[in-house]
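What follows is a single structure, written as structure tokens, with notes after it.
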Amino acid sequence: MTMPAAQKMQFALRQTLDKSRGLSGFLSRLSIAGLVLAVALLLTVLSVMNGFERELEQRILGLVPHLTIRGSGSDEDWQVLKADLEDVLPVTEIALFLERDVLMVRGNRVAPGILLGLPDDALARWSGMVAERLSAEDAKGLWLGEALAQRLAVNVGDKLRLIVPDTQDILPAGNLSQSPSAKQLASSVSAIVATGTELDEGLILTQFDIVAQLGDSSGSATGLAMQVSDLYAAPRLRWQLMQSLDRQFYVTDWTSMHGNLHTAIQLSRDLVTLLLLSIIAVAAFNIVSSLILVVRDRQATIPMLRAMGASHSDVSQIYLLQGGIIGVVGASAGILLGVLLAYLVPQIAALIEQLLSIRLLSTDVYPLAFVPVDIRLVDAALLWGVSVVLCLLAAVIPARRAARTPVAHILAQQGFS
């Protein structure tokens, strides 16, 4: 005769959650609390790391070119190359660009940078990140990153003086008496771009023809910028292009500028996951010791269960159920607490910045100026499943010990013979 499943579950629930159960109830609730804390911390940290990965892909890699071709060529050469690549590559956008090294002057403030000229359709891709701009008819000007605009103390509508060295004016070796010439252009700031990323530190965009005025008389393009449908395929496509293009062109992809950042985020995420999973493992081992103490504390009830018809398997299953209840309750509560903490992390960071008058994240040091959060269902489900399985495994040893408890010895201790 075996105990009904409902009766075993009822007994395990009372032994785990009933406050009147003394030491056994206290140890079970303590095990649940440890598991809740471990699961909540892991889900919160994973959500923040996921947020950094998402913002890297959307805010940074979604704006910078995935593939870039530079080289020497006439406008006709670039147009032919552009048409050919549109037919053979899975590009979502391809545009000519023109870049010049510039020195920006505003009063006594000076900042170097690279002025990037884009066609209007390519420039429109940045419109979603514009924090402030002039009206459309006055928009023929510079688009500056927010951090760069703050360093120059300029706002929308202010004038900047651009100084561009004349690349054709090369001094003879040893002739330091002659100063190189430079071209200058006064231009207004027509938009402030706030991506909230490191791009804001040096972003200078404008229309293609404005940059052409600062270059040589030809005003030909510097290269081609391409966005591809799968950004992780960019290194493979770069290698293919290098094999097929003439030697006058050279190809780079986004990994040359931002690959280290992406790798660092992935590595940090993996290391943090391993570290916090070890905390869950420690919490599971704590369940082993707790349930062994529960077995000793409740060993007087084992003869009662056997007298009611419970077999060795029934006793073992009761303590396995108790481990499973600890896992399910602790993991579920931990997931809920982790989701709540993850949602509150940006507000907590903002509150700390306000109270201490400091910037926790700044784009001159970190890739983002804010704390991102991305809560993923797959992480929560995987974390819940791993926690419950570990708790069940941790309950195996106490369950086997409870099933092997010598009933006659316990009855003798209790005064029965």
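Please read these numbers as outputs of a predicted model, since none were measured by experiment.
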(request) Check Leu383 against Val39 and note the closest heavy-atom contact, atom names and distance. (result) CD2-O, 3.6 Å
(message) If you define the side chain from C-beta out and look only at heavy atoms, does anything of Leu142 sit under 4.5 Å from Leu115?
(response) yes
(message) For the CD atom on Glu76, are there more than 12 heavy atoms of other groups (residues, nucleotides or ligands in this structure) within a distance under 6.0 Å?
(response) no
(message) Quick check for you: to the nearest 0.5 Å, what is the distance between Lys159 atom NZ and Arg106 atom CZ?
(response) 11.0 Å
(request) Report the C-alpha separation of Leu116 and Ile204 in whole Å, then their side-chain angles, then the decisive distance to 0.1 Å, and conclude whether the side chain to side chain contact (heavy atoms under 4.5 Å, CB included) test is met. (result) CA-CA 6 Å; Leu116 185 63; Ile204 321 167; over 6 Å; no
(message) If we ignore hydrogens and angles and just use 3.5 Å, is the side chain of Ser387 paired with the main-chain N or O of Ala331 as donor and acceptor?
(response) no
(request) For residues Val193 and Leu144, determine if any side-chain heavy atom of one lies less than 4.5 Å from a side-chain heavy atom of the other. (result) no
(request) Indicate yes or no: at least one non-hydrogen side-chain atom of Ile352 is less than 4.5 angstrom from one of Gln354. (result) no
(request) Drop me the distance from Asp230's CG to Arg236's CZ, to the nearest 0.5 angstrom. (result) 7.5 Å
(message) Measuring centre to centre across the rings, with the benzene-like ring taken for any Trp, is Phe97 within less than 6.0 Å of Trp78?
(response) no
(request) Report the residues that fulfil side-chain contact (heavy atoms from CB on, under 4.5 Å) with Ile210, sequence neighbours left out, ordered by chain and then residue number. (result) Leu185, Thr206, Gln207
(message) Do Val164 and Asp101 have side chains that approach each other closer than 4.5 Å (heavy atoms only, starting at C-beta)?
(response) no
(message) Could you check whether any side-chain heavy atom of Leu368 comes within less than 4.5 Å of a side-chain heavy atom of Glu198, counting everything from C-beta outward?
(response) no
(message) Return the CE to CD distance between Met226 and Glu93, rounded to the nearest 0.5 Å.
(response) 11.5 Å
(message) So does Val373 get a backbone contact from the side chain of Arg54, meaning a donor-acceptor N/O pair under 3.5 Å?
(response) yes
(message) Using 0.5 Å steps for rounding, measure from the CG atom of Leu37 to the CG atom of Leu337.
(response) 8.0 Å
(message) For Tyr232, is the OH atom crowded, meaning more than 12 foreign heavy atoms sit under 6.0 Å from it?
(response) yes
(request) Return yes if a side-chain donor-acceptor contact under 3.5 Å exists between Asp200 and Thr195, otherwise no. (result) yes
(request) Answer whether the closest heavy-atom distance between the side chains of Ile192 and Asn155 falls below 4.5 Å. (result) no
(request) Mind listing the closest non-hydrogen atom pair of Val371 and Ala349 along with its distance? (result) CG2-CB, 3.8 Å
(request) Look only at the side chain of Ser357 and the backbone of Glu353, and say whether a donor-acceptor pair between them is shorter than 3.5 Å. (result) no
(message) Show the nearest heavy-atom pair for residues Pro112 and Met104, with the distance to one decimal.
(response) O-CE, 4.3 Å
(request) State whether Lys82 and Asp84 are salt-bridged, where the test is any N-O pair (Lys NZ or Arg NE/NH1/NH2 against Asp/Glu carboxylate O) under 4.0 Å. (result) no
(request) Calculate, to the nearest 0.5 Å, the distance between atoms CG and CH2 belonging to Leu377 and Trp384 respectively. (result) 12.5 Å
(message) Just verifying a value: how many Å separate Leu341 CG and Leu41 CG, rounded to the nearest 0.5 Å?
(response) 7.5 Å
(message) On a heavy-atom basis, which atom in Gly62 and which in Gln227 lie closest, and how many Å separate them?
(response) O-NE2, 3.7 Å
(request) Only counting residues at least two apart or in another chain, list the ones meeting side-chain contact (heavy atoms from CB on, under 4.5 Å) with Leu231. (result) Leu61, His66, Trp254
(request) With side chain to side chain contact (heavy atoms under 4.5 Å, CB included) as the test, would you mind laying out the steps for Val251 and Leu245 before giving the verdict? (result) CA-CA 9 Å; Val251 188; Leu245 293 178; 3.7 Å; yes
(request) Please lay out, stage by stage, how Leu81 and Leu224 fare under the test side chain to side chain contact (heavy atoms under 4.5 Å, CB included). (result) CA-CA 9 Å; Leu81 180 60; Leu224 277 172; 3.9 Å; yes
(request) Determine whether Leu67 and Leu237 make a side-chain contact, defined as any pair of heavy atoms from C-beta on separated by less than 4.5 Å. (result) yes
(message) Looking at Asp253, is its backbone amide N or carbonyl O close enough to the side chain of Ser256 to form a donor-acceptor pair, meaning the two atoms are under 3.5 Å apart?
(response) yes
(request) With the side chain counted from C-beta on, respond yes when Ile114 and Val102 share a heavy-atom pair under 4.5 Å apart, and no when they do not. (result) no
(request) Identify whether the distance between the nearest side-chain nitrogen and carboxylate oxygen of Glu53 and Arg376 falls below 4.0 Å. (result) yes
(request) Grab the two heavy atoms, one from Ile326 and one from Leu35, that are nearest each other, plus how far apart they are. (result) O-CD2, 3.6 Å
(request) Identify the heavy atoms of Trp143 and Ser127 that sit nearest to each other, and give their distance. (result) CH2-OG, 3.9 Å
(request) Tell me, with the steps shown, if Ile69 and Leu85 meet side chain to side chain contact (heavy atoms under 4.5 Å, CB included). (result) CA-CA 11 Å; Ile69 301 176; Leu85 294 179; 3.4 Å; yes
